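Structure record follows, encoded as structure tokens.
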Amino acid sequence: MIKNIIFDLDDTLLDFKRGEYEGVREILKKQGAIDLDRAFTNYNEINDSIWQKIEKGYDRQPLLDNRFSDTLALMGISTDGRELEKEYRKKLDQNYYVIPGAIALLKELTELGFTLFVGTNGVANTQHSRLLGSGINQYFDMIFISEEIGFRKPDPKFFSFIINTNPEINVDNTLMIGDRLSADIQGASSIAMKNIWFNPNNELRKEDIKPTYTAGSYDDILHFLRGFS
């Protein structure tokens, strides 16, 4: 019986992509990028490669400190990547965009009796700021952020840390919901925790990772979880 639900944050409940799109393009424009669409595409390719390395255990900050400078270098623009990363981080701290329907989902799950947690990778100050600014922090009993607990998804230790915080939490009564197969679903599966892959854009499952359940919408999530309430 599922009693506890761990939610990923970015692009599962909060619209990270919207804030990213606005923040990155603003920085690139200020640095002199003319073709913003091309520059943003280059940034995404570089950023995706960086986060793949981070999920494999590479040191995060040195990689992040170079993503803007590497992007702009492709356009012949020399910049201080570390300073641009600091500027971007300030923008992320104020990215309070909530995915439409997320608050209604959290409210209904709470009313159904589920205990909700946040389980997210990221910088602690940024994630706490966004949870507070968006107003969704009120729905969660506990918040687990990789920078604070010392482990990143998909490391099994990230999920084991959550399980070990309370004797009432175990892999049989806890479920993970997230949008990233390589982080949320792979990590939960590694300790035999049930999971829901939130896939509203109907992306193809490229990785050899099999979620317990795939949801194309919040309604799909509710339909699945009502069977446990």
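The structure presented is a predicted model; accordingly, all values stated were derived computationally and were not measured.
For the ring pair (Phe, Tyr, Trp, His ring centres under 6.0 Å) condition, the pairs that include at least one residue of residues 10-44, sequence neighbours left out, are Tyr21-Phe40, Tyr43-Phe68. Applying the side chain to side chain donor-acceptor pair (under 3.5 Å) test to residues at least two apart or on different chains, the pairs with a partner in residues 97-114 are Glu22-Tyr97, Glu108-Arg226. Judged as a ring pair (Phe, Tyr, Trp, His ring centres under 6.0 Å), not a single pair has a partner in residues 153-197 (not counting sequence neighbours).
Hydrophobic cluster membership for Tyr96: none, as no Ile, Leu, Val, Met, Phe, Trp or Tyr side chain comes under 4.5 Å of it.
Looking at Thr126 and Asp93, their side chains do bring a donor and an acceptor atom within 3.5 Å of each other. No hydrogens or angles considered: nothing links the side chains of Asn121 and Arg152 as a donor-acceptor pair under 3.5 Å.
Only one option out of Ile6, Asn173, Thr212, Ile185 pairs with Met193 in a side-chain contact (heavy atoms from CB on, under 4.5 Å); it is Ile6. Test Thr12, Ile145, Asp184 against Thr120 for side-chain contact (heavy atoms from CB on, under 4.5 Å) and you get one pass: Ile145.
Hydrophobic cluster membership differs between Leu116 and Ile149, with clusters built from Ile, Leu, Val, Met, Phe, Trp and Tyr side chains linked at under 4.5 angstrom. Residue Val123 is not grouped with residue Ile143 when hydrophobic side chains (ILVMFWY) are merged at heavy-atom distances under 4.5 angstrom, including chains of intermediate members.
Under a 3.5 Å cut-off, the side chain of Ser69 and the backbone N or O of Asn66 do form a donor-acceptor pair. Looking at Ser189, its side chain never comes within 3.5 Å of a backbone N or O of Ala192 through a donor-acceptor pair. Within the 3.5 Å criterion, the main-chain N or O of Glu203 finds no donor-acceptor partner in the side chain of Asn201. Under the 3.5 Å distance criterion, the side-chain polar atoms of Thr165 are matched with a main-chain donor or acceptor of Ile162.
Using a 4.0 Å cut-off between charged nitrogen and carboxylate oxygen, Arg130 and Asp10 count as a salt-bridge pair. Here Lys3 does not pair with Glu168 in a salt bridge; the nearest charged N to carboxylate O distance is not below 4.0 Å. The residues Lys153 and Glu55 are annotated as not salt-bridged, no charged nitrogen and carboxylate oxygen being separated by less than 4.0 angstrom. Between Lys86 and Asp65 there is no salt bridge, since no side-chain nitrogen of the basic residue lies less than 4.0 Å from a carboxylate oxygen of the acidic one.
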side-chain contact (heavy atoms from CB on, under 4.5 Å) for Ile163 and Thr174? Distances and angles first, verdict last. CA-CA 8 Å; Ile163 294 297; Thr174 305; 4.3 Å; yes
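Checked against a 6.0 Å centroid threshold, the rings of Phe140 and Phe117 do not count as neighbours.
Looking at every heavy atom in both residues, Asn4 comes nearest to Ile169 through ND2-CA, 3.9 Å.
Judged as a side chain to side chain donor-acceptor pair (under 3.5 Å), and not counting sequence neighbours, Asn170 has no contacts. Listed by chain and residue number, nothing satisfies the side-chain contact (heavy atoms from CB on, under 4.5 Å) test with Lys90 (two or more places apart in sequence, or in another chain).
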